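What you see is a predicted model; the values in this text were computed from it and never measured.
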Amino acid sequence: MNTIFDLRKCIYGFMVAAACGASATLVSCDDDGDGQGGWRLTAGEAVGSYPGGIMSVGGRDTTVDVAVGTDSLRIASLPVDSVVAAAVGAERLGEAMASVDSVPYASAYVASVLGESSVRLGLEADSLCFDVTVGGQRRRVAMLFSEGASARYVAADSTLSLSMEVGAVTLDGDTVEGFSPIAYELSPVKKRQGGSAATE
């Protein structure tokens with residue numbers, strides 16, 4: 001009788017130990033996560049290509065392609081019509097723009113993860129220069145960006161938006177007088193899935 005009793009105690013003890021072990025394992029796994037299966041938003045989530053974005057510049061919409069690399073953001077061809085018009089005058093805009101193939105924009109950025117929802121990319125470029133031809137002469141236009149330019153990646157829908165402002169323009173080093181700041185606003189554009197990351 002004692003043998004049967006001891007055997008029951010052994011089996012019972014083993015079952016309790018196994019149940020506690022499984023419970024501890026489950027609790028341990030649960031503690032390692034953050035309620036989302038262990039996934040955490042990182043700045044790297046913003047890296048990728050964002051084709052066909054709509055950028056509003058001075059009230060006019062233009063389609064642009066944006067690429068975010070591991071340490072820089074690029075726009076293949078930045079719309080500069082409004083800046084050129086301010087620099088050389090509306091009457092010479094056609095001639096000047098005919099001499100401009102494309103004006104690529106590139107900026108290093110500082111990334112900040114905002115909770116579990118988005119990533120802010122603080123853009124560091126303070127100027128962008130390009131040449132135009134006016135009256136048969138090459139002229140140098142410089143766009144000077146205001147502080148606070150940034151892009152924002154939203155994890156929920158994998159979109160990127162951007163906001164920056166040209167606060168001043170120079171022509172051959174001389175400040176263009178009477179210039180009114182021009183806002184550049186990129187509406188949220190979806191990241192291309194399955195594509196390669198931006199080329200640095």
Check against side chain to side chain contact (heavy atoms under 4.5 Å, CB included), V119 and L114: CA-CA 6 Å; V119 177; L114 307 177; over 6 Å; no
Does the pair V66 and V64 meet the rule for a side chain to side chain contact (heavy atoms under 4.5 Å, CB included), with working shown? CA-CA 6 Å; V66 183; V64 297; 4.2 Å; yes
Verdict with supporting geometry, V103 and L128, side chain to side chain contact (heavy atoms under 4.5 Å, CB included): CA-CA 9 Å; V103 180; L128 175 62; 3.6 Å; yes
Could you walk me through whether L78 and M55 pass the side chain to side chain contact (heavy atoms under 4.5 Å, CB included) test, one step at a time? CA-CA 9 Å; L78 193 69; M55 176 170 275; 4.0 Å; yes
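When the options V189, L186, D61 are evaluated for a side-chain contact (heavy atoms from CB on, under 4.5 Å) with I54, the one that passes is D61.
Pairs of residues two or more places apart, or lying in two chains, never qualify as side chain to side chain donor-acceptor pair (under 3.5 Å) while including a residue from residues 90-109. Sorted by first and then second residue, the pairs that involve residues 160-169 and meet side chain to side chain donor-acceptor pair (under 3.5 Å), not counting sequence neighbours, are S146-E165, S163-E185. Pairs passing the ring pair (Phe, Tyr, Trp, His ring centres under 6.0 Å) check and including a residue from residues 56-91, sequence neighbours excluded, do not occur. Within the structure, side chain to side chain donor-acceptor pair (under 3.5 Å) contacts touching residues 124-137 (residues at least two apart or in different chains) are D131-R140, T133-R138.
Side chains of F130 and V80 form a contact here, defined as non-hydrogen atoms less than 4.5 Å apart. Looking only at side-chain heavy atoms (C-beta outward), F179 and V166 come within less than 4.5 Å of each other. Annotation: side chain of T170 is not in contact with side chain of V176 (no heavy-atom distance under 4.5 Å).
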Validation: residues 148-155 side-chain donor-acceptor distances under 3.5 Å, sequence neighbours left out:
from : atom 1 : to   : atom 2 : distance (Å)
R152 : NE     : S118 : OG     : 3.1
R152 : NH2    : S118 : OG     : 3.0
Y153 : OH     : S158 : OG     : 3.4

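Between V47 and G69, the shortest heavy-atom contact is CG2-O, 3.5 Å. Taking all atoms of both residues into account, the shortest heavy-atom contact from A96 to V84 is CB-CG1, 3.6 Å. Between V169 and A87, the shortest heavy-atom distance links the atoms CG1-CB, 4.0 Å.
Connection of L144 to L123 is not established within any shared hydrophobic cluster, with ILVMFWY side chains joined at heavy-atom distances below 4.5 Å, either directly or through further cluster members.
In this structure, NZ on K191 lies 10.5 Å from OG1 on T159, to the nearest 0.5 angstrom. The distance from atom CG of L121 to atom CG of L160, rounded to the nearest 0.5 Å, is 6.5 Å. The structure places CE of M164 at 4.5 Å from CD1 of I75, a figure rounded to the nearest 0.5 Å.
Under the salt bridge (Lys or Arg N to Asp or Glu O under 4.0 Å) criterion, D81 pairs with no residue, sequence neighbours left out.
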